[in-house]
Amino acid sequence: MTLEAIPLSGAMGAEIRGADLRDIDDETFADIHKILLGHGMIFFRDQDITPTQQLAFAKRWGEPHFHPYMPGLPDHPEIIEIVKNPEDTHTFGGQWHTDQMFTPTPAMGTMLYAKEVPEAGGDTLFGNLYLAYDALSDGMKAAIANLRTFNLYDKKKGRSSVMKGKLKEPEKPAEPAIHPLVRPHGETDKPVLYICYDRITRHIVDWTPEESRPLLDYLRAHATRPEFTCRLRWEPGPLAFWDNRCVQHMALNDYHGYRRVMHRITIRGERTS
Ligand code: SIN
C-alpha cells in the first residue's frame, strides 16, 4: 500500500490515505507507526471494519487494556462502546485528559472508531504536549524539571457517577499513580508536559493541593492553547488512533438531543512511577 499523510493542523494530527485497515502488512504498519510518531494522532476515513478487525489492528500496537470502570462489548471485552443518547447530558471524556493517567501504567494509545455520529457536533479535540512543553520558558522548564504529580481517580467521587448503570465495579480499589510532570516519550525520548484535569492530577508530590493548584492550573491552561491543538470532525466510518504519551484529548459535548456511538480500544502503556 502507498500511504499519504495529510496534516490536519499546524500543530498535530494527520489523515492517512491509502490504507485498508482490514489488511495491513508489516511494512505498511511500520509506515503508519512512523506517521503516528510524527503527528501524534492519525485517522483513516471510510473504514468498514468489524469489531474483530478493529481488535486485530489494535493488537498491532500492543496489548489491549481493560478499563477498570467501563465494561466492554459482550463478545469483545477489549472494546468499550461509548454511547451518548439523545436524552443524556453528560459525555464521556469531556475534559482535557490523557487516558488512564490515573493508573501507574497509563495507556500508550487509544483507538476510536465512529459507529454513529450526529450530523454536527461531537468532535474530538487533541492537544500536542510536546509543543506545550517546548513553548515554556527556560526558567519554567528548570523549575518543573524534577516535579512529580499525584494522580487518582475515585469513581465514587467523580462526576462519572452521572453514568451510573454504565459503570462496572473495579476489581481493586483505586491506586494513586505518581508521574513525572515532564515525562520523556517512551519511543522518541522527547520531553512532554504530562498533565490531566484537576480531578485526576490532584497535586505535586510533597506540595499541598493549595500550593500546587496555581502552578497546575497555569500549566493546564497553557497546554490547551489553540495553537497546540487540532480538531477531528467525525462522520460514520473514520478510525482514529492517538499517542497518549504526547497527546491529550477531549470530547466536545455540543450535540444534545442526538446520538453518538464510538468503539474504543486502549493499548497498555509502560509504568513510569
Ligand atoms: C475519550 O476520552 O476517549 C473519548 C473521546 C471521544 O469520544 O471523542
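Whatever order the structure lists ligands and atoms in, that order sets their numbers, starting from 1. Index from 1, following the sequence.
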Enter the distance from F102:CZ to R199:CZ here, rounded to the nearest 0.5 Å.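 These two atoms lie 11.0 Å from each other.
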
Run the numbers for me: atoms of ligand 1, each under 4.0 Å from some heavy atom of [X], listed by number.
X: H97; result: 2 (O)
X: A251; result: 5 (C), 6 (C), 7 (O), 8 (O)
X: R260; result: 6 (C), 7 (O), 8 (O)
X: L112; result: 5 (C), 6 (C), 7 (O), 8 (O)
X: G93; result: 2 (O)

Donor-acceptor contact below 3.5 Å, side chain [X] vs main chain [Y]:
X: S9; Y: M12; value: yes
X: T98; Y: M101; value: no
X: N253; Y: T89; value: yes

Protein contact of [atom] - nearest heavy atom, named by residue and atom, plus distance:
atom: atom 8 (O) of ligand 1; answer: T124 OG1, 2.6 Å
atom: atom 1 (C) of ligand 1; answer: H249 NE2, 3.4 Å
atom: atom 3 (O) of ligand 1; answer: R264 NH1, 2.7 Å

Test side chain to side chain contact (heavy atoms under 4.5 Å, CB included) applied to I178 and V205, T149, N151, the passing residue: V205

Is the NZ or CZ atom of K141 positioned over Y133's six-membered ring, under 6.0 angstrom from the centre and within 45° of the axis? yes

Give the intermediate values and the outcome of salt bridge (charged side-chain N to carboxylate O under 4.0 Å, His left out) for residues R245 and D99. CA-CA 9 Å; R245 300 166 298 181; D99 286 328; over 6 Å; no

Taking only non-hydrogen atoms of M250, do any sit less than 4.0 angstrom from ligand 1?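 The answer is no: ligand 1 sits nowhere under 4.0 Å from a heavy atom of M250.
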
